[in-house]
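Read the structure below first, then the notes.
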Amino acid sequence: MRINRICEAWRALPLLILLLGLASLPAHAQTDANDPAASVPKTWQMLDYLAADYAGAVKNGEVTSASEYDEMREFARHARDRVAALPPAAATPVLREQADRLIQLIDAKAPASDVARQAHALTDTLLQAYPIPTAPTEAPNLARGAAVYQMQCAVCHGTTGHGDGPAGLQLSPRPIDFTDASRADQRSALSLYEVISQGVAGTPMASYAQTLSTDDRWSLAFYVGTLAYPDAMTNGEQAWRTDQRARGAIASPSELARARVAGLAEVIGTAQARLVVGYLRAHPEAVHEALTGLSLARTRVADSVEAYRKGKSEEARELALSAYLDGVEPVEARLDARDAALRARIETAMGAYRTSLSLPAANDAVPTQAHEVDALLAQAQALLTASAANPMTTFVGALTILVREGLEALLVVVALLAFLRKADRHDATRYVHAGWLLALLAGAATWAVASYAISISGASRELTEGLSSLFAAAVLLAVGLWMHQKSIGGRWQSYLKAKMATALDRRSAWFVFGLTFISVYREVFETILFYTALWNEGQGQWLLAGIVVGAIILGFIAWVLLRTSQRLPLGLFFSISSLVIALLAIVLTGKGVAALQEAGWTAVTVAPVPSIDLLGIYPTWQSLLAQLAVALMLAIGFTYNRWRAKAA
C-alpha cells in the first residue's frame, strides 16, 4: 500500500513541478512584495539558495553549468526587484547597494566565496531591516525530526540523506545530498527550515507548511542539518564546551538557527566549526539551557521586535524590560568591572528602546534601535567571553566597586559624626554608629538571602535602589537647607547654645539613625549584589583582597575628613557640610531616577550629555531634569536663608 502511494506521488511530480513553476512567476512576486511578512522569507531563501549553489555554476572564473549560471543571475535580479518593492526603511539604500553589488559579482563570474559572502551580507541586512522569526520557540526534538524525515523525505533523499531514494533517482534535478559537507557548510538550520516551509520553485521540492507543524519543520531542519557532520556526534561536545570563541558566536537560539559552518570557520576554523555546528544541531538544548545573561537579553530584544511588529505593544515592552532585568542585570557587575562605559551605554540604549516601544509612531525606529541594542549586547558578550576572570580583574573590580559605592555613604556618615562632635553631642554618635553597623548586617543578610534562599529579581533590586535613593535625597535636601540656614548670620551659635545643655530627643535620635541606615544600606545592597556576581567567577581570594584594600582606603578617607572637620571653624564647617550634603542630594536624585528607569517605572529620553556615574549624571532628560529640580530647590532655599539672615 505504501509503495503504491509513493509511486502515485512520483507520477504526480510533473504536475507538481508545473504548479510550482506557476507559483514562482513574477506576477506572484508582485502580489506579496509589499508585504514584508510574506516577501522577506522568500527573498531570504532565494539569496541563501544562491549562496550555496553558485559554486556549482562557476569555477575559477569559468561557467561550469550554463543553466545553473543563468538561474543564479535570475535569482539575483529577482531578489533585487523584491528588495526594491519592500516598504521604505532606514536600511533601504544599503539593501539596494548590496543587491546591485551581488549582481555585479555574479555577472563578473566572481569566486564562490565572494558571492556567498555578499549574499549572506544582504540577507543579514534584510533581517535587520524587516525582522521575521528566525528561531524555534523551543529546542527542536531531533528524535521527532528523524521520524519525520523517514516518513516524508527518505523516499527521495534516501534513508541516510545521500539523495539516493527510490523516487529521487528518477528526478531531475536530483534531490540534494545532505551529507555533502562542502554544500552543507553554506546552509543554516534556518535555510533548511525555509526550504521545508516554502519548497523550491522549479524543482520537485514542495512546501510542507500545510503538512507539517512549525515544531516538526524545525525538528526536521535541525535533523537534516546534522547529516553532513557524523564526527560531531562523538567529538562535538568537547569542542563546544572548551571553545570560548564558539560559545560567544552562538549564544542564542536565533544565532544557532542562523549559524553556518562557512561563517563560523572564519572564527574557529572549518574542522572545529563542523564539530560545533553539528553537535549543537543534534543537541540544540545545549544553547537553550545556556540561555542566560546577555544571551537571554539578545533573545528577548529580538522577541520584542517581533511582538511589536505583530501589534502586541504591551508584550513587546515586557520582553524589552525582561531583556534588561533578567539578562543584563545578572552580569552587570562583571561588565562594570571590565568596561563601565559600555555598561552605561547599554543601560541608556535599552531604556530608550523601551520608550520607543510605547510610541505608536515609532514603527521605523524600533528595528533600528533594536539592532543598535543588539550590537552593544554582542560587544559586551564578546568582552566577557574574551576576558575570562583573572586575579587582577577581580581584585581591581572589587576595589573600585567598594570605593565608588562606599564613598557616598561615607560622606553622609562623616558629616553626621563631625556635626555631632562639633555640637559636643558625643552621646548621640552612637546612633550614627548603630545605623551604619546595622546597615552592614542587613547587607550581609541580603547576600545570604540572595545566595541561599531566593533570587532577588532585577526589578526588585532596581526599585530598592531607586526608592531608597530618592528617599535619602529628600532627607538630605532638608538637612542641607537646614545646615545652610545655621551656617549664616551666626545662627549656628544660637543653635548650639540652645541645644548644648539638653539631651538629644527621641525623634532626633531616630532621625540620625534612619538617615545613616538608609544612606549606608542602599550602597551596601548594591555592592553586595555586585560582589555576589564577582564571587561566582571563582576568584574568591582576590575578591576578598580587593574588599580589604578598599575598606582600608575608605577608612583612611574617613580619618582625613574627620581630622579636617575638627580644625574647621564652626561657621565654615556648617557651610561646607551643607554644600556637600546638597551635592549628595543631587547625586542620589539622578541615581534614583536612573534606577527607576531601569526597573521600567519611568520613560527614557536620551540627552546629549556624557554618563558620569560618580556624580549621578546619566544621558537621559528625566534624570537630568529631576536633578535640575533639586538644584533649583536648593538654590531657592539658600537664597531664602540669606534673605532671612539679612532681614534679621
Side-chain angles (χ1 to χ4, degrees), residues 293 328-344 383-384 387-417 432-456 458 460-462 464-465 468-469 472 516-562 584 587-588 591 595 613-614 616:
V328 178
E329 272 289 299
V331 300
E332 189 178 67
R334 295 171 54 203
L335 182 58
D336 202 54
R338 289 162 175 77
D339 192 338
L342 176 58
R343 187 265 306 160
L383 175 64
L384 295 182
S387 58
N390 61 74
M392 186 53 64
T393 299
T394 302
F395 174 80
V396 172
L399 172 63
T400 55
I401 286 172
L402 183 60
V403 173
R404 185 189 65 207
E405 302 297 333
L407 189 59
E408 295 171 10
L410 179 66
L411 290 175
V412 174
V413 172
V414 168
L416 290 174
L417 288 174
V432 177
H433 292 305
W436 69 261
L437 283 172
L438 284 178
L440 292 179
L441 292 175
T446 300
W447 172 79
V449 169
S451 300
Y452 301 107
I454 62 172
S455 176
I456 297 178
S460 298
R461 169 181 165 173
E462 297 298 345
T464 300
E465 292 179 13
S468 61
S469 293
T516 305
F517 180 86
I518 289 294
S519 299
V520 174
Y521 178 72
R522 69 162 300 278
E523 303 296 345
V524 173
F525 179 81
E526 183 173 11
T527 304
I528 286 291
L529 294 180
F530 274 170
Y531 283 158
T532 300
L534 290 178
W535 181 271
N536 293 332
E537 294 194 347
Q539 299 287 342
Q541 67 275 25
W542 291 97
L543 174 66
L544 294 175
I547 294 175
V548 170
V549 174
I552 292 173
I553 293 175
L554 287 177
F556 176 74
I557 294 174
W559 177 79
V560 170
L561 291 176
L562 287 172
L584 283 175
V587 171
L588 291 179
K591 291 194 171 186
D613 188 70
L614 186 64

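A quick note: this is a predicted structure, and the numbers were derived from the prediction, not measured.
The side-chain contact (heavy atoms from CB on, under 4.5 Å) check on Leu438 picks up Leu441, Phe513, Phe517, with sequence neighbours excluded. Legend: residues meeting side-chain contact (heavy atoms from CB on, under 4.5 Å) with Ala558, ordered by chain and number and at least two apart, are Leu410, Val414. Scored by the side-chain contact (heavy atoms from CB on, under 4.5 Å) test, Leu342 finds Leu335, Asp339, Arg345, Ile346, Leu376, Gln379, Ala380, Leu383 as partners (sequence neighbours excluded). Shown here are the side-chain contact (heavy atoms from CB on, under 4.5 Å) partners of Ile552, two or more places apart in sequence or in another chain: Val548.
Residue pairs meeting the side chain to side chain donor-acceptor pair (under 3.5 Å) criterion with at least one partner in residues 546-559, sequence neighbours excluded, do not occur; the list is empty.
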